[in-house]
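These notes are about the structure you will find just below.
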Amino acid sequence: MDGLAAAVPVGVLCAAARDPQPWPQPLLMAVPAGAAWLVVGVVRNRYRRGEPAGTGAVLPVLCDWLTMLGVLAVACVAARIEVALADCVVALVPCLAVAVVRRTLVHRCLMAARRRARALRRVLVVGEAGAVDLVLARLTRRTDHEYVVIGSCLVGEEPGGAALPVPGRLACDGDAPEGAARDGETVLRCAAALDADLVLVVPGRRLTAGRVRRVAWALHDHGLDLAVLPGLVDVAEHRVRLAEAAGLTVLHIAPAARRGLPVLWKGVTDRLGALLLLVLLSPVFVMVAAAIRLSTGGPVFYWQIRVGRELMPFRMWKFRTMVVTADRMRAALESVNEQDGAMFKIRRDPRVTRVGRVLRRFSLDELPQLFNVLAGHMSLVGPRPPLPEEVERYDGTELRRLSVKPGLTGLWQVSGRSELSWDETVALDLSYVDNWSYARDIGLLARTVRAVVDGRGAY
């Protein structure tokens, strides 16, 4: 599909050219264009299993597309083929659109299949009992990955806390010469007994690098895949670089960008995006303001002091969705708060007006925060801006949420909003702070549209 999406438009353009003299034969242009697009995809690993990412469908493909243009330009110069650059760029736009749509559809189909317990890998976890229990707890929280743990091969005789089959155990003294061969045999026997197609090893004090190496030899000799858990939590792939030093495999973890061109580009996108949205949505502002004014008779806007980056307070604006005396009523409603942690939320909040419920359902009450983005207090994408009294209850981990600008939308907003627990909210915000990239921001903005239409967790 990708190859045809590049080859067919180029061939049609060559065949339909008004002045065919300067153009080469359609087939001579179409075949290299399709081949170049496929080669770039293969080199960039765009066709490997599980590669399409729901939050990164656009920018990676755009980078591939620009690379293909460069490759074709070099090829044309080398072959002394004169073509109109603008026409070729226009002809290659369809392959860009097709690739984005294909990646998005494949990702959605894959997620749907995993929710139905399909397209999964049967995983045998090898490690010490406590480590295996932690891995299982993390994997069972989510369904957006391909791993389903079917059993474990534990080191030593310590019982595991998880109710998993344990068809075999590794000796504690596996580094001894007599234990060298037994490790691989035991893991292979366990994998065969459970019909596992992937072995996930969790190194530890008793499962040393030497033992993992011997297990790898045995598995690879028998055609089984091996994965090793490095002990890192919530580190995005783009931050990891693999290196080798004196026979040691080293993972370099890059920090999230806090300065430089990506941050500058994010700031420009925030300001221009907020300005453009304010212009485009001005009729919506007028209609919402009129609805609030006519239905309740009170002020249209409502503001609160919120805490931004580096604990800097700012005045955040919203369309008013509650009665005028809502703030004075909060103390009486603390006993019915439905959120844990530092947040305050009630599904059927009696302070919310009838118009306010509609505005909250479609997140229209958040639109005035575009002025905060324009003023530099907020970003289009970032963690939820907290109240000062919430920040007073934060511990050191939760305070890390405030190392970036709060956002109009973010992982919390597209992942369930008020239906999430406090711990889940903090985990999502920390994931954003630690793994921020411009590409992730674009993906979250795209997911926001779907979240607003869906309305799940908005109340």
Between D365 and G356, is there a donor-acceptor pair closer than 3.5 Å when you use the side chain of the first and the backbone of the second?
no
Please state whether the rings of F314 and H377 are parallel, tilted or perpendicular, taking 30° and 60° as the class boundaries.
parallel
Any side-chain to backbone donor/acceptor pair from E158 onto E128? Under 3.5 Å, distance only.
no
Residue pair I150 / L164: nearest heavy atoms and the distance that separates them:
C-CD2, 4.4 Å
Can you see which heavy atom on M378 is nearest to which on P385, and at what distance?
CE-CG, 4.2 Å
To the nearest 0.5 Å, how far apart are CG in L226 and NE2 in H220?
5.0 Å
Atom CG in D441, atom CG in L380: separation rounded to 0.5 Å?
8.5 Å
Audit row: R138, V135, side-chain contact (heavy atoms from CB on, under 4.5 Å) steps and yes/no:
CA-CA 5 Å; R138 295 280 299 189; V135 170; 5.9 Å; no
Within the structure provided, determine whether E146 and L198 are in side-chain contact (heavy-atom separation under 4.5 Å).
no
If every non-hydrogen atom of V187 is compared with every non-hydrogen atom of C153, which pair is closest and at what distance?
CG2-SG, 4.3 Å
Quick check: does any side chain N or O of K405 sit under 3.5 Å from a backbone N or O of G376, one acting as donor and the other as acceptor?
yes
With rounding to the nearest 0.5 Å, note down the distance linking CZ in R206 to CG in L170.
10.5 Å
Strictly distance-based, threshold 3.5 Å: is any side-chain N or O of Y432 a donor or acceptor partner for the main-chain N or O of R440?
no
Going by an N to O cut-off under 4.0 Å, is there a salt bridge joining D225 and R121?
yes
Apply the side-chain contact (heavy atoms from CB on, under 4.5 Å) test between V125 and each candidate in L229, V132, L136, V199; give the one that qualifies.
V132
Let's go through R306 and L387 carefully: what are the C-alpha distance in whole Å and the side-chain angles of both, what is the deciding distance for side-chain contact (heavy atoms from CB on, under 4.5 Å) to 0.1 Å, and is it a yes or a no?
CA-CA 5 Å; R306 296 289 180 116; L387 292 163; 3.4 Å; yes
From CA spacing to verdict: side-chain contact (heavy atoms from CB on, under 4.5 Å), L188, E185
CA-CA 5 Å; L188 282 172; E185 294 174 359; 5.8 Å; no
Side-chain heavy atoms of V235 within contact of D434, under 4.5 Å:
no
pair I253-L232: side-chain heavy atoms closer than 4.5 Å
yes
Measuring from L408:CG to M316:CE, what's the distance to the nearest 0.5 Å?
9.5 Å
Crowding at NE2, H222 (>12 non-hydrogen neighbours, <6.0 Å):
no
Kindly say whether L444 contributes a backbone atom to a donor-acceptor pair with the side chain of T448 at under 3.5 angstrom?
yes
Tightest non-hydrogen contact, residues V201 and P203, listed as O-CD, 3.4 Å
Test item: L402 and P386 side chains (from C-beta on) under 4.5 Å apart, heavy atoms
yes
Can you name the closest pair of heavy atoms from R400 and R258 and give their distance?
NH2-NH2, 4.2 Å
Distance col, row R213:CZ vs D183:CG, nearest 0.5 angstrom, shows 14.0 Å
Tell me, do V149 and L139 make a side-chain contact under 4.5 Å, heavy atoms counted?
yes
Reported CG-to-CG distance for the pair L367 and L277, which is rounded to 0.5 angstrom
8.5 Å
Identify the two heavy atoms, one from R239 and one from A256, that lie closest to each other, and give their separation to 0.1 Å.
NE-N, 4.2 Å
What I want to find out is whether R401 reaches E390 closely enough, with some N-O distance under 4.0 Å, to be called a salt bridge.
no
Can you check side-chain contact (heavy atoms from CB on, under 4.5 Å) on S431 and L411, steps first, answer last?
CA-CA 9 Å; S431 176; L411 275 174; 4.2 Å; yes
If we ignore hydrogens and angles and just use 3.5 Å, is the side chain of K318 paired with the main-chain N or O of Q304 as donor and acceptor?
no
